[in-house]
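Report on the following structure.
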Amino acid sequence: MKLFNSLGRRLQELEPLEPGHIRLYTCGPTVYDRVHIGNLRTFMFEDVLRRTLQFHGYRVTQAMNLTDVEDKIIAAALKAKVDIETFTAPHVGSFFEDLATLRIERVEHYPRATEHVAEMVAMIERLQATGHAYRADDSVFFRIAADQDYGKLSGIDLDQVRRGQRVQSDEYGKEDARDFVLWKGAKEGEPRWPSPWGPGRPGWHIECSAMSQKYLGKTFDIHCGGVDNLFPHHENEIAQSESANCCPQARYWLHSEHLTVDGEKMSKSLGNCYTLGDLLDRGLSARSIRYLLLSVHYRQQLDFTFDKLAEADRALKRVDDMRFRLAHGVEKDNDPARLEQAAGDFETAFAAALADDLNTAAALGALFTFVHEVNGLIDHGLPAGGRTRVEACLGRADEVLAVLDAAAWAESTEAGGGLSDAEIDALVAARSEARASRDFAAADRIREQLSEAGVVVEDARDGSRWKRS
RNA sequence: GGCGACGUGGCCAAGUGGUAAGGCGAGGGUCUGCAAAACCCUUAUUCGCCGGUUCGAAUCCGGCCGUCGCCUCCA
């Protein structure tokens, strides 16, 4: 399996530290608001990675942090006059709901920053002992000048960096403007934890260094996040972890590209910052959102539009229709060779596409080639056992895609239509009788009635069949 | 100013040296009472533009044009 390693910027064969086992760290949400669709794209990419690793037989141990102490959280909690635990709880809840809605698998560990302050303090103390950190007033900073490797991930040369206007009060007391904060002394009214430097709270980057080490070890296999985290967050994580531990933090660094909306970056001022809830409220289905997010390679920017969601729906319908035809398909005493060929080709191409840096677009291409083959076979008669064979292929593919099983997604979007299966069966039977007596006007009236109830009738050679649309 | 990515048919999107996957859409046909679904055919002699390397390039190199991202707490 090959993955594009941001560290070195090249495609590399995945070689686990421990055979058959992948330890994976994925940067999680800052729980100060409901996550938006761009955040979810990254979590989706990480889900595809996780599922693909499992698909290829690896055991996966994954940790995703929940950043539950941070400037925005503190400010918002202060404003709402509640403690940060109370403030973040609903956002943690909605985060897990959104993951479930998109069929993103639960991972093994969701460590929270506020529950790992001791580990962070210990790491900062090590950094201080090795000369990589220094105290200034109530805070502690990382000394970039002491880290020869600094910049190896992002390729950034801080001497060349244009000085921005973003100078924060925290930066007073720094030896060097490039240094970043490890520990912030508490100001009036802020949440605080005890430390050798007095009461305060951790800087942002240190939580991932400390928690990844706790749950995955000093060196683990893969670290993921959105591209925007490449610098400074991941660069700083590497600086902290590797200066403290004298060994690589992660062997492979994977970054997903951004999602834009109507060609522009999402931002609150443009009003294009959608949450999953916003989209569902507009009547869009979670299933088509998952499909759309799968349909573009993770290292490509994905432009999110409602048109594309509608296309995604139609693409899924093609799969659903094939399965519908399959369920009603007749198995004959036909030569199984053609189906075996198609199934084998699909299995090979699908697995190869995913093994090639998670090429989900190519994997879906293989799927549709297979759909086309199976449709042809259904027209000509499936061989014995054909239905089971096809379903097995689709089921296997869906271990990664988690989007093919229409029934599994149905409950959340069930329109109903008001008719029971028995009622529909009766209407379809009545229509068949009308057709048999060539009373097509009556037959069409019934079809129209069913259509209004969201039921589509199809007339096949061996009788009429129906499905809810 | 620094670093990086991208530009493939009407739209979306794979393909990174061997002669353009797939989805959506469109047109024609078969099947059907009519549909629906499916199948068949058609829809890029061509991959932003210009040079170069090569037997051969969408794929490598150089230049240009255009779009986008990051440059200290934004996935």
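Reminder, nothing fancy here: chain letters follow the sequence lines and each chain counts from 1.
Base contact: A:F440 has a heavy atom under 4.0 Å from a base atom. Among the atoms of the strands shown, base atoms are found under 4.0 Å from some heavy atom of A:D228. At a threshold of 4.0 angstrom between heavy atoms, the contacts of A:L259 include nucleobase atoms, whether or not backbone atoms are also involved. Base engagement by A:G38 is indicated by at least one non-hydrogen atom pair under 4.0 Å involving a base atom. Using a 4.0 Å heavy-atom cutoff across all strands shown, A:S256 reaches no nucleic acid atom at all. At the heavy-atom level, A:H258 lies under 4.0 Å from base atoms of the strands shown. Among the heavy atoms of the strands lying under 4.0 Å from A:G226 are primed sugar atoms or P, OP1, OP2 only; no base atom is included.
Comparing the P positions of B:G10 and B:A44 gives a spacing of 9 Å, expressed to the nearest Å. For the P atoms, the distance linking B:G7 with B:A37 amounts to 33 Å, nearest Å.
Considering only side-chain atoms of A:R314, the nucleotide from B:G25, B:U72, B:G23 that sits closest is B:G25.
Following rounding to the nearest Å, A:E207 (CD) and B:C73 (C1') show an atom-to-atom distance of 10 Å. If you measure from atom CE of A:M64 to atom P of B:A75, you get 12 Å, rounded to the nearest angstrom. Between the CD atom of A:E235 and the C1' atom of B:U72 there is a distance of 11 Å, given to the nearest Å.
Ring pair A:F368/A:H372: centre-to-centre distance not below 6.0 Å. Residues A:Y252 and A:F220 keep their aromatic ring centres 6.0 Å or farther apart. Between A:H255 and A:H234, a ring centre-to-centre spacing shorter than 6.0 Å is recorded.
Between A:E347 and A:R389 there is a salt bridge, since a side-chain N of the basic residue sits under 4.0 Å from a carboxylate O of the acidic one.
When atom types are taken as modelled, the side chain of A:E242 and the backbone of A:Q249 share a donor-acceptor pair closer than 3.5 angstrom. Counting only distance, with no hydrogens or angles, the side chain of A:D439 and the backbone of A:A442 share a donor-acceptor pair below 3.5 Å. In terms of modelled atom types and a separation under 3.5 Å, the side chain of A:T275 and the main chain of A:D278 share a donor-acceptor contact.
Each of A:A441 and A:G28 was assigned the nucleotide of RNA chain B with the nearest heavy atom; the assignment lying further toward the 5' end belongs to A:A441.
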Base, backbone or nothing for each nucleotide of nucleotides 4-14 of chain B, written B, S, -, heavy atoms under 4.0 angstrom, 5' to 3'?
S-S----BSSS

Contact string for nucleotides 34-42 of chain B, one letter per nucleotide 5' to 3', B = base within protein heavy-atom range under 4.0 Å, S = sugar-phosphate only, - = neither, reads BBBSSSS--

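Residue A:K265 has a polar side-chain atom (N or O) positioned under 4.0 Å from OP1 or OP2 of B:C70.
Residues satisfying the salt bridge (charged side-chain N to carboxylate O under 4.0 Å, His left out) test with A:E115, not counting sequence neighbours, are none.
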If you apply the rule ring pair (Phe, Tyr, Trp, His ring centres under 6.0 Å), what do you find for A:F4 with A:Y298, and how did you get there?
CA-CA 11 Å; A:F4 186 85; A:Y298 76 93; 8.4 Å; no

For a salt bridge (charged side-chain N to carboxylate O under 4.0 Å, His left out) check, start with the C-alpha distance between A:D71 and A:R201, then their side-chain angles and the critical distance, and finish with the verdict.
CA-CA 10 Å; A:D71 289 353; A:R201 60 190 162 94; 3.0 Å; yes

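With both pairing distances under 3.5 Å, B:G10 is matched to B:C24 as a Watson-Crick or G-U wobble pair.
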